[in-house]
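Contents: one structure, followed by commentary.
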Amino acid sequence: MSGRFAARLVVSISRADVGQRISLRRRLPTGEYSDVVGVLESWSGNTLSVRRRDGELVEVPEEIMVAAKVVPPQPPPRRRPRT
């Protein structure tokens with residue numbers, strides 16, 4: 001077996017997932033990949049709008065999306081142990 005592996009890139013979201021938390025991988029003009037995780041706020045025309053947890057709104061053209069899926073809600077913040 002070689003040291004290389006192949007990842008299966010699947011887009012498993014639809015317009016019906018607006019309001020859900022998603023993980024999305026997009027291909028940048030440089031050829032690199034970048035991930036966006038957040039709430040899918042809208043999918044109008046060919047553009048997805050994803051709100052990250054820091055409040056930033058990221059718009060992703062549909063044609064550069066290479067993989068996406070619905071993910072569980074963000075876990076609540078952990079409490080620090082008392083000292």
Side-chain angles (χ1 to χ4, degrees):
M1 179 177 215
S2 72
R4 302 187 77 168
F5 66 94
R8 198 170 47 118
L9 300 174
V10 177
V11 174
S12 61
I13 63 171
S14 70
R15 286 174 166 76
D17 292 315
V18 170
Q20 298 290 318
R21 185 167 180 253
I22 64 164
S23 174
L24 180 146
R25 179 159 289 172
R26 60 188 170 167
R27 188 173 184 104
L28 301 174
T30 61
E32 298 175 318
Y33 294 96
S34 173
D35 294 336
V36 179
V37 177
V39 176
L40 179 60
E41 287 202 348
S42 70
W43 189 340
S44 59
N46 293 329
T47 303
L48 292 83
S49 297
V50 180
R51 178 83 54 189
R52 290 184 166 168
R53 72 176 170 190
D54 65 1
E56 178 187 4
L57 185 65
V58 180
E59 293 189 344
V60 180
E62 203 174 277
E63 61 269 6
I64 69 168
M65 179 173 52
V66 295
K69 64 182 179 180
V70 174
V71 293
Q74 183 177 352
R78 290 183 153 182
R79 291 179 49 167
R80 289 187 162 169
R82 289 185 153 178
T83 57

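Residue indices begin at 1 and follow the sequence shown.
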**Report entry** Joint hydrophobic cluster, Ile64 plus Val36, side-chain heavy atoms closer than 4.5 Å
**Finding:** yes
Report task. Identify whether Leu57 and Val18 are in the same connected component of the hydrophobic contact network (ILVMFWY, side-chain heavy atoms under 4.5 Å). Result -> no
Query raised in the report: Could you give the distance from OG (Ser14) to CD (Gln20), rounded to the nearest 0.5 Å?
Result: 10.0 Å
**Report entry** Where Glu56 and Asp54 come nearest, the two heavy atoms and their spacing
**Finding:** N-OD1, 2.9 Å
Report summary line: When every non-hydrogen atom of Glu62 is compared with those of Gly45, the smallest separation belongs to OE1-O, 4.0 Å
Requested in this report: For residues Val58 and Arg52, report the shortest heavy-atom separation together with the two atoms involved.
Outcome: CG2-NE, 3.8 Å
Report task. Treating Ile, Leu, Val, Met, Phe, Trp and Tyr as nodes and any side-chain heavy-atom pair under 4.5 angstrom as an edge, say whether Val11 and Ile22 lie in one connected cluster. Result -> yes
Requested in this report: Might you confirm whether atom CZ of Arg25 has over 12 heavy atoms from other residues, nucleotides or ligands at distances under 6.0 Å?
Outcome: no
Query raised in the report: Do Val39 and Trp43 belong together in a cluster built from hydrophobic side chains that touch within less than 4.5 Å?
Result: no
Requested in this report: Measure the shortest side-chain to side-chain distance between Leu9 and Arg27 over non-hydrogen atoms and say whether it is less than 4.5 angstrom.
Outcome: no
**Report entry** Common cluster, Val50/Val70, ILVMFWY with side-chain heavy-atom separation under 4.5 Å
**Finding:** yes
Query raised in the report: Considering only heavy atoms from C-beta outward, does the side chain of Leu48 approach that of Ile13 to under 4.5 Å?
Result: yes
Report summary line: In this structure, CD of Glu59 is separated from OG of Ser49 (nearest 0.5 Å) by 4.0 Å
Query - Separation of Lys69 NZ from Asp17 CG (nearest 0.5 Å) - result: 13.5 Å
Query raised in the report: Does CZ in Arg53 sit with more than 12 non-hydrogen atoms of other residues, nucleotides or ligands closer than 6.0 Å?
Result: no
